[in-house]
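Treat the numbers as computed from the prediction; the structure is a model and nothing was measured. Lettering of chains follows the sequences in order, A, B, ..., and the numbering in each one begins at 1. Side chains are part of it too, since the values below use all heavy atoms of this structure and drop only hydrogens, waters and symmetry mates.
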Amino acid sequence: MFERSKKDDDSLESQDAKRTASDTTLGSLRSKVAGRGGDAAVIGRSIQINGDLRGGEDLRIEGDVSGTVELKNSALTIGKEGKVKADVYARSIAVDGETKGDLYATERVSVHVNARVQGNIIAPKVSIEEGAHFKGSIEMDPAAVEKALGKTAANGVDKPIAGHRSGNAVDTKAVPKKPAKDARTNLNPPAGTV
Amino acid sequence: MTKVTASLRRASRPLPPDSPAALHAPLFQDLLAGLDTTGRYVILDLGAASTAMLALLGRSRCRVEIADLAHFGGIDHLNTAAPGPALADAAESLLPNRLPDDAIDLVFCWDLPNYLTLDALSALMGAIGRRVRPGALAHALIFYAGRDMKQHPGRFVPTADGQLIDLSAPGAMIAAPRYSPEDLGRSMGGFLIDRARLLGNGMQEFLLRLGS
């Protein structure tokens, strides 16, 4: 779905070549990224950012970013050349490159083939393609996800869409209306012989 | 259709002739069948993350800890650490932090124990034993009948009906340690053999339970 064409690569390289190190504000990084859902700001592969990065528009990272990334109502794509060492907060996060840090998304986290992700994922929907490398935890309990994301009207983050289930929802009919119980459930597979 | 659903359907289709055969692992299937859809579980997976596995576990209210020891250098780290404190520290460093309110219920070891020395296995399972709740279960696949195994651990992915497919690339073979149940009894950090089955490919499937 998010595979980048060679045309996109050429376009990004061309943009990178024209960009100087001072062009690191999101507004000045706006560029057209074909096939990625229209306009998105781009942090090119020659750019390094240390510190907190905040914004209200979609962003694609091909460079190095350390610190914190907050795009609470927008989509973040970490491209194949992108290296992010930060906790990331966004509406959706797609990873083709490398991340170290926790990924918080109010909608979805997608880890694509050949991506390397170390950290925890907290999102209502998570997909990890075969061939991706992930180390960390994935919270798939809706109540725990909501708690972690702090989904309240007060902080301006959208409520989860009805019927969405944390983790990898296969059958939304099976989603309990409310968490049935917080107590741990014992695993008792049928007895057998050794 | 969600990506996960698509993945599961692909996994349950008849396999092309050059695909690895699906492995019928009855204890693995029993484990999955025992997961209550409304229950809360914390699961430690020592192997690689797979969407199909997450989809199966996602039927319950799970938190899944993925260690991926094979890819992130954990096997070499353990096998080369000096016995004693250094080995214990190595094992601790490979595992998630201990959370007192969220102890681990279930551990998927896959075939990783075959790639660890008994000292390394003992250190790893001992560290895991300090993170699990009483009565926790562990699942493992041990090369038993065959003398050889792949040079690197498998990448096991479940089909929709709970069979396993090893997606790892074919490569060089090495001698399998062929650990006995007695070896495992001494090296699984307090996990005791609960059930065992000899599988069609010559592997022994073990379900272990943490002793009190």
Which residue out of Pro181(B), Ala67(B), Pro96(B), Ala48(B) racks up the most heavy-atom pairs below 4.5 Å with chain A?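 Ranked by contacts with chain A, first place is Ala67(B).
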Over all atoms of both residues, closest heavy-atom pair of [X] and [Y]:
X	Y	result
Pro142(A)	Arg61(B)	CD-CG, 4.2 Å
Phe134(A)	Asp68(B)	O-CB, 3.7 Å
Glu130(A)	Thr51(B)	OE2-N, 3.6 Å
Glu139(A)	Arg40(B)	OE2-NH1, 2.7 Å

Taking atom OH as the centre, does Tyr89(A) end up with more than 12 heavy-atom neighbours from other residues, nucleotides or ligands that are less than 6.0 angstrom away?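 Check passes, neighbour count above 12.
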With a strict 4.5 Å heavy-atom criterion, list every residue of residues 182-192 of chain B that contacts chain A, or say none.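 Against chain A, none of the residues of residues 182-192 of chain B fall inside the cut-off of heavy atoms under 4.5 Å.
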Not counting sequence neighbours, which residues clear salt bridge (Lys or Arg N to Asp or Glu O under 4.0 Å) with Lys150(B)? List them please.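 Applying salt bridge (Lys or Arg N to Asp or Glu O under 4.0 Å) to Lys150(B) gives Asp166(B).
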So for Ala33(B), is it side chain, backbone, both, or neither that comes closer than 4.5 Å to the heavy atoms of chain A?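 No part of it gets close to chain A.
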Tell me, side chain or backbone of Leu46(B) under 4.5 Å from chain A's heavy atoms, or both, or neither?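 Answer is neither: Leu46(B) stays 4.5 Å or more from chain A.
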Rounded at 0.5 Å granularity, tell me how far [atom1] in [X] sits from [atom2] in [Y].
X	Y	atom1	atom2	result
Tyr41(B)	Met140(A)	OH	CE	13.5 Å
Ile128(A)	Ile66(B)	CD1	CD1	6.5 Å
Ile121(A)	Arg63(B)	CD1	CZ	13.5 Å

Does the side chain of His71(B) come within less than 4.5 Å of Lys135(A)'s, by heavy atoms?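 Side-chain contact under 4.5 Å: no.
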